[in-house]
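Remarks on the structure that follows.
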Amino acid sequence: MEATIIDGTAVSRDLRARLLGELAAVRSSKVDPGLASVLVGEDYAAHAYERRLRRLAENVGCRFQPERLPHDAELAEALATIGKLNADPRISGILVLRPLPAQLSEVELYPTLDPLKDVEAVHPANAGLMARGTPRFVPSTPASCFWLLDDYFRQTGRDPSTALRGKTVVIVGRSHNVGKPAVWLALDRGAIVVSCDEHASEAGRLAEFTRQADVLIVAAGSPGLVTGDMVKEGVIAIDVGINPVEGEDGRVHLVGDLDFDSVAQRAEALTPVPGGVGPVTDVWLVRNAVLAGVMQHTTLSIGPWPLF
Ligand code: NAD
């Protein structure tokens, strides 16, 4: 049977419409949310992400403030930028774009974010709430993976609140922003969860685990890492990877961590790159900035978008 291609762009359109409605309601209560990004250096993917966010924020009418620092910025400079954004009442949400250059450590930067503006839940307090299953903010990328899964389960007649119970979910990649919070979301759903990072590959054991996955989430940043022979028949595969690759024509295009064609031959469903997880992530992030604005400035009651 041919695999279903999960259309993240279509899902993101619905979410965008929902976000526009919420923004209108929020503004009538005098909340004016703003998202700031902090980008250090010249990473291609980080710049592309900043551009996408700017476009989306402008389209929905949310303030967007991109902060840029040179690749050799010292810790003090990065801390000063975060401090300035923490203190700015026009900014409700702050995103520190990755990757960071070697001299800046996530461990030193994240705890300095105002937890009420930490829309990616990387501050230890927010990561703790997330790990406990009571998130203040659900970080945008893992949220988007599970939003797409929930939507697909609904469309195929399964109840998303129970669909993963007793199923094996394998997550490749263990970053603070993506892999680990995806593990926590899968645990909350009663799944049997396996987390693999680069050491699983180095030990030659990655395929041993990816082949067990009923649902496979790959967020490693390694083009075509998972091939068709590494998945079982009927897997649902979510590809988070965004890897710039130079084509034969010399132009850069984006590919995922799945070897799309070979995985599609065995999968029940999978997400493409581009057009899968990415567009939903963007809307989710801007929405988290709106949620943060509401938390900071009103007694209005809106919570995280319910994942199922
Ligand atoms: P990261 O570099 O912080 O973490 C990568 C993780 O993958 C690490 O845990 C590492 O050990 C693991 N890994 C690397 N190579 C591996 C291998 N060969 N086998 C197994 N595990 C391996 O990256 P990140 O921020 O988590 O992002 C991962 C990918 O997702 C990148 O391509 C990034 O551009 C992309 N991304 C996409 C979105 C989106 O919205 N689609 C959002 C964030 C990140």
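Just so you know, these numbers come straight off a predicted model, no measurement behind them. Every heavy atom of this structure was used, including side-chain atoms; hydrogens, water molecules and symmetry mates were not. One-based numbering, in listed order, for ligands and for the atoms of each.
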Distance to 0.1 Å, residue and atom name: give those for the protein heavy atom nearest to atom 19 (N) of ligand 1. S201 OG, 2.6 Å
D214/K167 salt bridge by N-O under 4.0 Å criterion: no
So if I count the atoms of ligand 1 from 1 in the order they appear, which ones are less than 4.0 Å from some heavy atom of G221? 28 (C), 29 (C), 31 (C), 32 (O)
Residue R18 excluded, over 12 heavy atoms near CZ under 6.0 Å: yes
For the residue pair H47 / E50, report whether a side-chain donor-acceptor contact shorter than 3.5 Å exists. no
Evaluate I242 for polar contact with ligand 1, using N/O atom pairs at a separation under 3.5 Å. yes
Spell out, yes or no, whether V169 and V226 are grouped together once hydrophobic residues are joined by side-chain heavy atoms under 4.5 Å, including indirect joins. no
For A45, is the nearest heavy atom under 4.0 Å from an atom of ligand 1? no
Could you note down all residue pairs passing ring pair (Phe, Tyr, Trp, His ring centres under 6.0 Å) where residues 139-161 supplies at least one of them, sequence neighbours left out? W147-W284
When you measure from the heavy atoms of A219 to every atom of ligand 1, does any distance fall below 4.0 Å? yes
Residues Q155, D151; criterion side-chain hydrogen bond (donor to acceptor under 3.5 Å, both in side chains); working and verdict: CA-CA 6 Å; Q155 283 185 26; D151 190 62; 3.0 Å; yes
Quick one: nearest non-hydrogen protein atom to atom 14 (C) of ligand 1, plus distance? A220 O, 3.5 Å
Below 4.0 Å from ligand 1: does a non-hydrogen atom of G241 turn up there or not? yes
Set out, in order, the CA-CA distance, both residues' side-chain angles and the distance that settles side-chain hydrogen bond (donor to acceptor under 3.5 Å, both in side chains) for E120 and S140, then state yes or no. CA-CA 6 Å; E120 283 293 73; S140 56; 3.0 Å; yes
Contact atoms of ligand 1, heavy-atom distance to G173 under 4.0 Å: 6 (C), 7 (O), 9 (O), 12 (C)
Please check if L216 and F209 belong to a single hydrophobic cluster, counting links between Ile, Leu, Val, Met, Phe, Trp and Tyr side chain heavy atoms closer than 4.5 Å. yes
Does a donor on one side chain sit under 3.5 Å from an acceptor on the other, for N177 and S175? no
Distance to 0.1 Å, residue and atom name: give those for the protein heavy atom nearest to atom 43 (C) of ligand 1. T141 OG1, 3.6 Å
Considering only protein heavy atoms, which is closest to atom 25 (O) of ligand 1, and at what distance to one decimal place? R98 NH1, 2.5 Å
Among all the protein's heavy atoms, is there at least one whose distance to atom 2 (O) of ligand 1 comes out below 4.0 Å? no
Residue, atom and distance of the protein heavy atom nearest atom 8 (C) of ligand 1 read R174 N, 3.8 Å
Atom 37 (C) of ligand 1: which protein heavy atom is closest, and how many Å away? V240 O, 3.0 Å
G278: numbered ligand 1 atoms lying under 4.0 Å from its heavy atoms: 40 (O), 41 (N)
Give me the residue, atom name and distance of the protein heavy atom closest to atom 10 (C) of ligand 1. E198 OE2, 3.5 Å
When distances are taken from atom 26 (O) of ligand 1, the protein heavy atom at minimum range is S175 OG, 2.5 Å
Using a cut-off of 6.0 Å, state whether more than 12 heavy atoms not belonging to E233 lie near its atom CD. yes
With a heavy-atom distance limit of 4.0 Å, tell me whether V273 approaches ligand 1 through its side chain, its backbone, both, or neither. neither
Rounded to the nearest 0.5 Å, the CG atom of L97 sits from the CZ atom of R68 at a distance of 9.5 Å
If we set the cut-off at 4.0 Å for heavy atoms, which region of N243 has an atom near ligand 1: side chain, backbone, both, or neither? side chain
With heavy atoms under 4.0 Å as the rule, classify the contact between T281 and ligand 1 as side chain, backbone, both or neither. side chain
